[in-house]
Amino acid sequence: MRQYREDDVIERLRNPETQRDAFADVVAAYSEKLYWQIRKMVLGHEDANDILQNTFLKAWANLDSFRGDAKLSTWMYKIAVNECITFLNKQRATNNVSLDDTDIYLMDTLRADDYFDGDEIDEKLQKAILSLPEKQRLVFTMKYNEDMKYEDMSEILGTSVGALKASYHHAVKKIETFLTNDI
């Protein structure tokens, strides 16, 4: 694969003759990052794979709507986050899980996942993260796991940078409290 340059890829995406190859470069460049962002939200490997595929299908189907106002990576993350939220809402409805019980449901999903090989410490951290409200959990995983810039998160989530910083700060404090009270 040639070196990934976003401006080059965007130009190639706009040309019908090079669009397929350019999109293949997008898939190669973002698959792993998006997978792990999705996985941190839905926890299950199979679900994460399905959502990742849906993300790329939706991106391909909506290439014409990408105007280039934001970075391509931001656009891809926004699609992935929306797909995760849609999936989680469907799971809640299908399994009659209230918002208050979501963390228990997701923890059970994580434990049942054959691909989760976390030890006791990792499981405690996951429980702490799952105890957060959905938006804080999302902000925390984007910042902590992806080291995403607040400006990029702001574009993806449609929230001010200040609110995102506050949300992350509250999330970190809640996780620290959860982990220290559990000792």
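For the single chain, residues carry numbers from 1 onward in sequence order. This one's a predicted model, so the numbers in the text were calculated from it and none came from an experiment.
Taken to the nearest 0.5 Å, the OH atom of Tyr4 stands 3.0 Å off from the OH atom of Tyr30. Taken to the nearest 0.5 Å, the OH atom of Tyr35 stands 13.0 Å off from the OG1 atom of Thr55. Atom CD of Gln136 is separated from atom CD1 of Ile175 by 8.5 Å, given to the nearest 0.5 angstrom. Here Leu132 contributes atom CG and Leu138 contributes atom CG; the two are 11.0 Å apart, rounded to the nearest 0.5 Å. One distance of note links CD1 of Ile79 with SG of Cys84; it measures 12.0 Å at 0.5 Å rounding. Here Met142 contributes atom CE and Met41 contributes atom CE; the two are 7.5 Å apart, rounded to the nearest 0.5 Å.
Arg14 meets the salt bridge (Lys or Arg N to Asp or Glu O under 4.0 Å) test with no other residue; sequence neighbours excluded. Partners of Thr141 by side chain to side chain donor-acceptor pair (under 3.5 Å), not counting sequence neighbours, listed by chain and number: Gln37. In this structure, the ring pair (Phe, Tyr, Trp, His ring centres under 6.0 Å) partners of Trp60, at least two apart in sequence or on a different chain, are Phe23. Remark: Lys149 pairs with no residue by the salt bridge (Lys or Arg N to Asp or Glu O under 4.0 Å) rule, at least two apart or across chains. Residues satisfying the side chain to side chain donor-acceptor pair (under 3.5 Å) test with Lys71, not counting sequence neighbours, are Asp152. When the side chain to side chain contact (heavy atoms under 4.5 Å, CB included) test is applied to Asn82, the partners found at least two apart in sequence or on another chain are Lys78. Glu155 pairs by the side chain to side chain contact (heavy atoms under 4.5 Å, CB included) definition with Ala70, Thr74, not counting sequence neighbours. Glu176 is linked by a side chain to side chain contact (heavy atoms under 4.5 Å, CB included) to Val172, Lys173, counting only residues two or more places apart in sequence or in another chain. When the side chain to side chain contact (heavy atoms under 4.5 Å, CB included) test is applied to Ala163, the partners found at least two apart in sequence or on another chain are Thr159, Ser160.
A salt bridge between Asp47 and Arg39 is absent, with no side-chain N of the basic residue lying under 4.0 Å from a carboxylate O of the acidic one.
A distance-only check finds no donor-acceptor pair linking the side chain of Glu151 to the backbone of Val161 [under 3.5 Å]. A donor-acceptor pair under 3.5 Å links the side-chain atoms of Ser131 to the main chain of Ala128, judged by distance alone.
Of all non-hydrogen atoms in Leu164 and Ser154, the two that sit nearest each other are CD1-N, 3.4 Å. The heavy-atom pair separating Val42 from Ala48 by the smallest distance is CG2-N, 3.9 Å. Summarising the geometry of Val139 relative to Met153, their closest heavy-atom pair is O-SD, 4.0 Å, with the distance given to 0.1 Å. Residues Gln19 and Leu13 approach most closely at NE2-O, 3.0 Å, considering heavy atoms. Across Phe56 and Leu34, no two heavy atoms sit closer than the pair CZ-CD1, 3.9 Å.
Looking at Leu72 and Phe66, their side chains come closer than 4.5 Å, going by heavy atoms from C-beta outward. For the pair Ser65/Trp75, a side-chain contact is recorded, criterion being any heavy-atom separation below 4.5 Å from C-beta on.
The only option from Asp21, Thr18, Asp25 that meets the side chain to side chain donor-acceptor pair (under 3.5 Å) definition with Arg12 turns out to be Asp25.
Listed by first and then second residue, the ring pair (Phe, Tyr, Trp, His ring centres under 6.0 Å) pairs that reach into residues 134-157 are Phe140-Tyr144, Phe140-Tyr168, sequence neighbours excluded. Within the structure, the salt bridge (charged side-chain N to carboxylate O under 4.0 Å, His left out) test picks out the following pairs touching residues 49-68 (sequence neighbours left out): Lys58-Glu83, Arg67-Asp69.
The neighbour count for Glu11 CD, taken as heavy atoms of other residues, nucleotides or ligands under 6.0 Å away, does not exceed 12. For Lys33, the NZ atom counts as loosely surrounded, since its 6.0 Å shell holds 12 or fewer non-hydrogen atoms of other residues, nucleotides or ligands.
Under the 4.5 Å side-chain contact rule for hydrophobic residues, Leu63 and Tyr77 share a cluster. Residue Leu57 is not grouped with residue Val27 when hydrophobic side chains (ILVMFWY) are merged at heavy-atom distances under 4.5 angstrom, including chains of intermediate members.
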